Amino acid sequence: DARVTQTPRHKVTEMGQEVTMRCQPILGHNTVFWYRQTMMQGLELLAYFRNRAPLDDSGMPKDRFSAEMPDATLATLKIQPSEPRDSAVYFCASGLVTTGLPRNTEAFFGQGTRLTVV
Amino acid sequence: AQSVTQLDSHVSVSEGTPVLLRCNYSSSYSPSLFWYVQHPNKGLQLLLKYTSAATLVKGINGFEAEFKKSETSFHLTKPSAHMSDAAEYFCVVSDTGRRALTFGSGTRLQVQP
């Protein structure tokens, strides 16, 4: 049963600490997304990668957030230093995007990392 | 730019009655459209997708949606609500250019016994 795996599921940290969230996309998928979900803003796209290359990270605060794909089986989202306003659920999703038809752009989501910064 | 507007933040129905969750989209390109469901403290699950094939799309758990280009709508329906359908539902658009998913603000569905 292929699924996107995110670790940790929950993280509580103090303001100023570094936080690293990890994601294992579904094997064979070429696109990885990072989303943040809050009550106020809903689901926001932070960044996404295709074939491990960053395509768009315009939704991410550049001064403290960074996203990488060291290899095809691992995506990371790092916050340094963390702030209370970063408290949210962070979702990773993966998908297989093709250039021809049929277009397959749906994303499969992980269970999320619930981050609390105190 | 692409966007979706979910017209109702909350919908409440009685068990066994029809469900209608409304969604309008805006996209510069030919869009792909999706509905996702999120149960409390869970991830997001794909209900159904439209990718320019049939305009009436059937999904899981008895849900379906109809793509209406003239109305730029993609409303989600189900003939008979079940208690287990209570959740948050998201309408999502992806255009062929950017290929990233843009989420609506969500509709919380309550099902009364």
Side-chain angles (χ1 to χ4, degrees), chain A residues 1-7 9-10 23 25-26 29-51 53-60 67 89-114, chain B residues 1-10 23 25 27 29-55 57-60 63 65 67 74 87-108:
Chain A
D1 184 23
R3 62 181 68 185
V4 175
T5 303
Q6 290 186 248
T7 56
R9 291 292 311 280
H10 301 272
C23 169
I26 292 173
H29 282 184
N30 61 1
T31 305
V32 172
F33 305 89
W34 283 104
Y35 284 88
R36 175 171 63 185
Q37 185 176 36
T38 60
M39 289 290 291
M40 295 300 294
Q41 301 296 328
L43 277 151
E44 304 172 278
L45 177 67
L46 296 176
Y48 74 105
F49 294 76
R50 182 140 318 126
N51 299 319
L55 282 193
D56 187 348
D57 61 2
S58 59
M60 208 163 64
V89 181
Y90 291 81
F91 285 103
C92 174
S94 72
L96 178 62
V97 173
T98 59
T99 54
L101 292 174
R103 292 172 292 174
N104 295 313
T105 57
E106 74 262 37
F108 296 84
F109 281 77
Q111 294 293 299
T113 294
R114 183 174 296 276
Chain B
Q2 57 187 22
S3 66
V4 287
T5 302
Q6 291 186 244
L7 299 165
D8 306 293
S9 58
H10 290 85
C23 171
Y25 71 90
S27 177
Y29 303 94
S30 297
S32 295
L33 292 158
F34 311 86
W35 277 97
Y36 281 81
V37 60
Q38 185 178 30
H39 291 276
N41 300 313
K42 299 286 188 183
L44 292 114
Q45 181 184 19
L46 179 68
L47 271 182
L48 51 79
K49 65 178 180 180
Y50 164 77
T51 55
S52 80
T55 56
V57 181
K58 294 187 185 298
I60 61 172
F63 284 95
F67 173 73
F74 190 58
E88 185 103 19
Y89 291 79
F90 294 93
C91 183
V92 182
V93 64
S94 170
D95 64 46
T96 53
R98 191 163 175 258
R99 300 288 186 106
L101 302 179
T102 300
F103 280 75
S105 55
T107 298
R108 182 165 298 278

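Lettering of chains follows the sequences in order, A, B, ..., and the numbering in each one begins at 1. Source: prediction; values computed, not measured.
Taking the six-membered ring where tryptophan is involved, the planes of B:F90 and B:F103 are perpendicular, since the angle between them exceeds 60° and thus also 30°.
With a threshold of 4.5 angstrom between heavy atoms, B:L44 approaches chain A through its backbone and through its side chain. When heavy atoms are compared at a cutoff of 4.5 Å, A:Q37 approaches chain B solely by way of its side chain, counted from C-beta outward. Within the 4.5 angstrom heavy-atom criterion, no atom of B:Q45 approaches chain A.
Scanning all heavy atoms of the two residues, the minimum distance from A:Y90 to A:R36 falls at OH-CD, 3.4 Å.
When the candidates A:V4, A:V89, A:L43 are compared by the number of heavy-atom contacts under 4.5 Å with chain B, A:L43 comes out ahead.
Taking the six-membered ring for Trp, A:Y48 and A:F33 have ring centres closer than 6.0 Å.
Within the 4.5 Å cutoff, no side-chain heavy atoms of A:E106 are placed close to those of B:V92.
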